[in-house]
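We use all heavy atoms of the structure for the numbers below, so side chains are in, but hydrogens, waters and symmetry mates are not. Residue numbers count from 1 along this sequence.
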Amino acid sequence: MASIEPLRSVNVSVAQETIQIRTDLPDADLSDIVSNIDQRFARSAKFQMDNRKRLALLAVELMSENMELRQQLSRAKIYHDQMEKELENVSLLLDEGMDRIGGV
């Protein structure tokens, strides 16, 4: 059984702000997340908005991606369930065919 890591407090610098968060993420994962946010935040500098609006724009962009991924996951689960049912049907047909061959 997987162990649950305790939350730890860390300071991260993201989007030109240093904030303290509590997380159970490994340092490498946290670093990747912060790096991705900083890259996206830097791209929005060309819009010449204040940081608050840039962060709001980034939040909308990230939530849009999150929603799209959730929809893809939902479709994948439906497809998986359909394939599982089809596999059951094929397995039943094979068992039935094997029974007929054995009973002849």
Side-chain angles (χ1 to χ4, degrees):
M1 183 161 65
S3 65
I4 298 175
E5 295 295 322
L7 294 178
R8 59 191 170 89
S9 291
V10 294
N11 288 322
V12 293
S13 294
V14 65
Q16 301 175 351
E17 295 287 333
T18 299
I19 56 174
Q20 185 176 29
I21 62 170
R22 294 181 49 77
T23 183
D24 61 350
L25 290 174
D27 288 339
D29 291 350
L30 189 57
S31 179
D32 287 346
I33 291 168
V34 169
S35 176
N36 184 277
I37 291 171
D38 278 339
Q39 288 171 4
R40 289 171 179 240
F41 185 73
R43 283 195 319 240
S44 67
K46 64 185 174 194
F47 299 122
Q48 298 181 4
M49 300 181 221
D50 66 21
N51 285 352
R52 195 178 78 216
K53 288 182 181 180
R54 288 171 58 198
L55 286 170
L57 182 62
L58 179 58
V60 170
E61 180 182 332
L62 292 172
M63 260 327 281
S64 174
E65 289 177 15
N66 180 287
M67 295 295 287
E68 184 178 327
L69 289 171
R70 285 174 184 243
Q71 290 172 353
Q72 289 176 2
L73 179 60
S74 177
R75 288 191 297 268
K77 284 180 179 179
I78 290 168
Y79 180 75
H80 176 268
D81 291 346
Q82 290 172 341
M83 291 300 103
E84 211 169 55
K85 286 179 185 175
E86 289 296 322
L87 185 58
E88 274 183 43
N89 290 339
V90 168
S91 179
L92 289 172
L93 289 172
L94 286 172
D95 288 345
E96 190 177 296
M98 293 301 287
D99 289 343
R100 286 184 184 174
I101 291 172
V104 174

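A donor-acceptor contact shorter than 3.5 Å links the side chain of Asp38 to the backbone of Ala15. For Arg8 (side chain) and Leu25 (main-chain N/O), a donor-acceptor pair under 3.5 Å exists by modelled atom type.
Taking CD1 of Ile37 as the start and CG of Asp32 as the end, the distance is 11.0 Å to the nearest 0.5 Å. Summarising the geometry, atom CD1 belonging to Ile78 is positioned 13.0 Å from atom NE2 belonging to His80; distances are rounded to the nearest 0.5 Å. We find the CD-CZ distance between Gln16 and Arg54 to be 6.0 Å, quoted to the nearest 0.5 Å. Expressed to the nearest 0.5 Å, how far CG of Asn66 lies from CD of Gln71 amounts to 10.0 Å. Note that CG of Leu58 and CG of Asn51 are 11.5 Å apart. Values are rounded to the nearest 0.5 Å. One distance of note links OG of Ser44 with CZ of Arg40; it measures 11.0 Å at 0.5 Å rounding.
By the criterion of side-chain heavy atoms lying less than 4.5 angstrom apart, applied directly or through intervening Ile, Leu, Val, Met, Phe, Trp or Tyr residues, Ile33 is grouped together with Ile19 in one hydrophobic cluster. Criterion: ILVMFWY side-chain heavy atoms under 4.5 Å apart, direct or through other members. Under it, Met49 and Val14 are not part of a common hydrophobic cluster. Note on Leu7 and Ile21: separate hydrophobic clusters, where clusters join Ile, Leu, Val, Met, Phe, Trp and Tyr whose side-chain heavy atoms are under 4.5 Å apart, directly or indirectly. Tracing side-chain contacts under 4.5 Å through hydrophobic residues (I, L, V, M, F, W, Y), one never reaches Leu57 starting from Val34; they form parts of separate clusters.
A side-chain contact (heavy atoms from CB on, under 4.5 Å) with Tyr79 is found for exactly one of Met83, Lys77, Arg75, namely Met83.
Within 6.0 Å of atom CD in Gln48, 12 or fewer heavy atoms from other residues, nucleotides or ligands are found, so the atom counts as exposed in its surroundings.
Closest approach of Thr18 and Ser13 over heavy atoms only: OG1-OG, 3.0 Å.
Residues Leu69 and Gln72 have side chains in contact (heavy-atom distance under 4.5 Å, counting atoms from C-beta outward).
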